[in-house]
Amino acid sequence: MKKIILINLLLILAIIPVFTFSQDILSGGKVTGNVQIDGQFYSEDSKLGISDSSLNYKKFGMNGFANFIYTNGDFSAGMRAEGFLNPMLGFDPRYEGYGVPYWFAKYKTGSLEMTAGHFYEQFGSGLVLRSWEEWTLGYDNNIYGFNVHFSPIKGVMLKGLVGTQRYFWEPYENSNRGIVRGFDGDFYLNDMFESLAESKTKIDLGGSFVSRYEKVPNLTFSRDSAYIQINELGDTSEWIQRTTYQYDLPYNVGSWAARANIASGGFNFYLEYAQKGNDPNATNNYIYKKGSAVYSTLSYSTKGLGLFLATKWIDNMSYKSKLTESGNPPMLDINYLPAITKEQPYSMATVYPYATKQNGEFGVQAQVAYNIPKNSAVGGKYGTNLTFNYSLAKSIQKDPISADIPVDSSGTEGYKTNFFSIGDLTYYQDFNVMAEKKFNSKVKAKLAYFNQTYNKNVIEDDIFDEEEMVHANIGVLDLTYKFDAKNSLRMELQGLFTKEDKGDWAALMLEYNVSPSWFFSVQDEFNYGNPVSTDQIHYYNFSLGYNEGSNRISLRYGRQREGLLCVGGVCRYVPASTGLTITLTSSF
Amino acid sequence: MKYRIQIILLISVLSGFVWMACDKIDQPLVIVDQQNIPVNISDTVYFVDSVVVTEKQVLLEDFTGHLCVNCPEAAIMAHELAASLDHKLIIYSVHAGYYATPDPNPASLYTDDLTSETGEALYADFQVFVNPNALIDRVKHGGAVQVNPDNWQTAVNSELEKPNTANISLINAYYPNLNTVRIQVKSKFTTPLEGKFRLCVYIAEDSIVSPQKNNNPAVGPSPDWEDYIHRNVLRGAINTTYGEYFSADGTIAANEIYPKEYFYEINPNWVANHCNIVAFLLNEETKEIHQVAECEIKTE
């Protein structure tokens, strides 16, 4: 690890003198950065079944990063140091260690921008390529290689990249994972053609090509078939014939996508279609079917009203740079399948989150935001904001390729499906409505209702049946009272009501803010309806925090409930824990 | 401007196709092994024999044929060498190529077919085009992997001097009612080794009496040795010619025990109590053999 850090730093230092000769790199430069350190001291908690041995005697977990970016005109270089000593509970133990998993040097000259090192990139909505990082998930699939952006004429942006993706701290060597190659073009027609320059309708077209090369392993699997043998004397014996097959795996897996974005007036329409070549992998149970996906959004906004509609249809679109990689946390994803649910700000509304299912999913989302005007009968003196949201995720129709081959059988085409077919199985559904109203200069309130349907088997265990469907009703009252310009008290009162899973919950949070520096909060989430009486647990938390400019330090002591933490449909399992958490953030 | 845009679009599309390399697979699965496993074998009578190898042993694959006039002398020499080495040298004969071809003339002495699919594959893959010739642990000796009889002893000694890197336990349980052998192989690498490793399990039949050409009257009847006893003739592979990985990806960990089990129904035309199971550990890239064990099949 130390060797890698040293090499990275030497590379950066080696690059800087080169530019020193070509331009005055050190004068006029600017360094920016930010730091976050989270430390957790764990304590034993018999209620949660946590003991020193269940913690592997790791009483302290620390996740931290520091970004440093140097910018000088068209040149920039940066790095991110990360440390997981030990990784906090819920983060993959393979993160343990300290190092520099991200560094880059970037230079722009004329219409060409060149990045060497690690980079994040996205083609379109990400259906065929998106590298991104989400610290709270422990998710990072940055690409290490070269990335070029080139704009040969106004309105055209071409991108090309080659590299390998991050896999914890494991360096790329001996073809231990695939190489990603990608090319993308964006064509802004209104900029390209003078005849369209004045048009109120703006049209962007784009296309992407991505390919993964991987030195494939020799993978085998066996199938058994029973038979009876009768010898010359009439004696019978039962036998099993075990046939071992070896996969003929593709070294190169290609994908492409085409997209269009049309904006006119307050409307914006986006459509992207993607297709992937045969890509047998651990996520799709090594089937050889091509993958495809559609993602489309339509939005409209005008004063006081916003509409948003989205749909997606995914068919066998897991695309990773190592075909044997699967599981949690999701690593080495080349693409990203956009989420079609609203990110929820209230804790009870995140007990049952949505997670994208890459092997097949239909989704639809509709959201309306309406502002009842000020000084109207309903809107009152300050107006009222109403938001409605509906999200639905279902299976796609999968039919067997023949009567004797079950759906998703390894080494076959897997299944047949029709474009945009919708299956019977519901994965997730969320209807929610939220009203936000300011009553006077001191009192502001938010009232929200959520109705969620959560297929626990599908989302948590990839078991595609309806055996564990959870139906939950959630109510939230969020009240803020401002004592004066500096002091305010916020209260969140939440209730989750369900007859399934862990039963009913109630939650109360009181937060006192002394602006701009201090906050104090007390919170309890009580699982009073848990059918197992010993699991009717209070998840209490006491927090305080202090802000000074761009620095912030906070302390929290209490219990963390177990569950999935999801961002954009990508999830991480968080185990239950008890302890003291200290968080330090800073930027400059 | 118009032409420039057209050229950019053309370059973009062409670049995309170049970068979007994709392999289309028409035949996703290849059968690499088939085993017939008896059900309820616990109710069946069986006989067990076993061997444990903890010191370096060497495998000599003697490529021969019944038309090869110099082969009997070489084979006898090899087996004498094995006896002198306390059988740390394991030998089977591989009948493959021109000299092993059965004569289609029914009046001929040489109609027996002692070839095997595995033997022919090894003959072709290792380019053994001259008989007698041998592979000794499939390691290059004197710059070539094929070793002629004059150098067998030197090559075998050179291999035996290498430190042992792996131990093998080989247990054969023979079920006479089913004419089937259950083979249990446990392998343990005693030192960490880079690369991917495979376990190969073969079956050989000893003491097959069949005519053999011979030009050396000092070792036996010449030119036709009609009651020649062919020693340990390779009959086939039990888990394919190049075996299977010990672990999912082929890498191994030192001191970890890798157990494998196979069921093999013996061809009724073979003599079961003359058959021997040979198990060896192979480096996939170098193709070199690290350890070998042989165990006979006890039939009563």
Side-chain angles (χ1 to χ4, degrees), chain A residues 152-153 155-156 158 160 162 174 181-185 187 192-194 207-213 217-222 224 226-229 231 235 237-256 276-280 286-288 324 410-413, chain B residues 1-41 43-44 175 177-180 194-196 198 239-240 242-245 247-251 261-263 265 268 284-285:
Chain A
I153 60 169
V156 174
L158 306 177
V162 179
N174 300 325
R181 295 82 58 106
F183 181 84
D184 182 78
F187 305 93
M192 291 169 69
F193 301 103
E194 284 181 16
S208 315
F209 302 89
V210 177
S211 176
R212 173 202 81 205
Y213 165 80
N218 288 326
L219 291 180
T220 58
F221 73 100
S222 298
D224 290 352
Y227 67 97
I228 293 174
Q229 200 174 59
N231 67 14
D235 300 327
S237 55
E238 295 175 52
W239 294 77
I240 291 170
Q241 184 170 70
R242 178 163 299 160
T243 306
T244 303
Y245 299 90
Q246 182 169 308
Y247 296 101
D248 184 3
L249 296 166
Y251 285 79
N252 297 281
V253 176
S255 64
W256 62 269
K276 181 181 64 123
N278 50 197
D279 179 23
Y286 297 98
I287 64 169
Y288 284 69
T324 53
S410 287
T412 71
E413 279 284 301
Chain B
M1 183 70 174
K2 189 180 170 187
Y3 292 114
R4 215 172 148 189
I5 289 170
Q6 286 173 351
I7 289 167
I8 287 166
L9 285 172
L10 185 66
I11 290 170
S12 301
V13 171
L14 288 175
S15 304
F17 280 116
V18 168
W19 288 47
M20 196 193 65
C22 191
D23 302 334
K24 189 175 184 311
I25 307 293
D26 293 320
Q27 284 287 339
L29 299 177
V30 180
I31 294 177
V32 291
D33 190 27
Q34 267 187 335
Q35 282 189 62
N36 295 308
I37 303 167
V39 180
N40 300 325
I41 54 168
D43 300 337
T44 311
Y175 296 79
N177 295 346
L178 305 168
N179 194 31
T180 292
E194 291 290 320
K196 297 183 175 186
R198 307 180 78 93
N239 66 347
T240 76
Y242 295 104
E244 64 171 325
Y245 283 149
S247 61
D249 63 358
T251 56
E261 182 179 66
Y262 307 94
F263 286 88
E265 190 178 7
E284 184 176 65
E285 281 190 27

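A quick note: this is a predicted structure, and the numbers were derived from the prediction, not measured.
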Which of B/T240, B/N239, B/V30 touches chain A most, by non-hydrogen pairs under 4.5 Å: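 So the answer, after comparing B/T240, B/N239, B/V30, is B/V30.
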What part of [X] gets within 4.5 angstrom of chain A, counting heavy atoms only: side chain, backbone, both, or neither?
X	result
B/Q35	both
B/Y245	side chain
B/N36	both
B/T180	side chain

Check each atom of [X] against the heavy atoms of chain B and say whether the ones under 4.5 Å are side chain, backbone, both or neither.
X	answer
A/T412	neither
A/T243	both
A/Y227	side chain
A/Y286	neither
A/Y247	both

Minimum side-chain heavy-atom gap B/L29-A/F221 below 4.5 Å: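 Yes; the side chains approach each other to less than 4.5 Å.
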Decide yes or no for A/P250 and B/I25: does some side-chain heavy atom of the first lie under 4.5 Å from some side-chain heavy atom of the second?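 A/P250 vs B/I25: side chains touch.
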Calculate, to the nearest 0.5 Å, the distance between atoms CD1 and CG belonging to B/I37 and A/D224 respectively.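 Result: 6.0 Å between the selected atoms.
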Straight-line distance of A/R242 CZ to B/D33 CG, nearest 0.5 Å: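 These two atoms lie 10.0 Å from each other.
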Is the backbone of A/N252 close enough, under 3.5 Å, to the side chain of B/D23 for a donor and an acceptor to pair up by distance?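 Answer holds: yes.
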Test A/N218 against every option in B/K196, B/E284, B/E244 by the side chain to side chain donor-acceptor pair (under 3.5 Å) rule and name the one that passes.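 Passing option: B/E284.
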Least distance between heavy atoms, A/G277 atom then B/C22 atom: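 That closest heavy-atom pairing would be CA-SG, 3.9 Å.
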Under the criterion side-chain contact (heavy atoms from CB on, under 4.5 Å), I'd like the reasoning laid out for B/L178 against A/W239: C-alpha separation, chi angles, the key distance, then a yes or no. CA-CA 10 Å; B/L178 305 168; A/W239 294 77; 3.7 Å; yes
Kindly check if the number of other-residue, nucleotide or ligand heavy atoms within 6.0 Å of CD (B/E285) is above 12?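 For B/E285, atom CD is not crowded (no more than 12 foreign heavy atoms under 6.0 Å).
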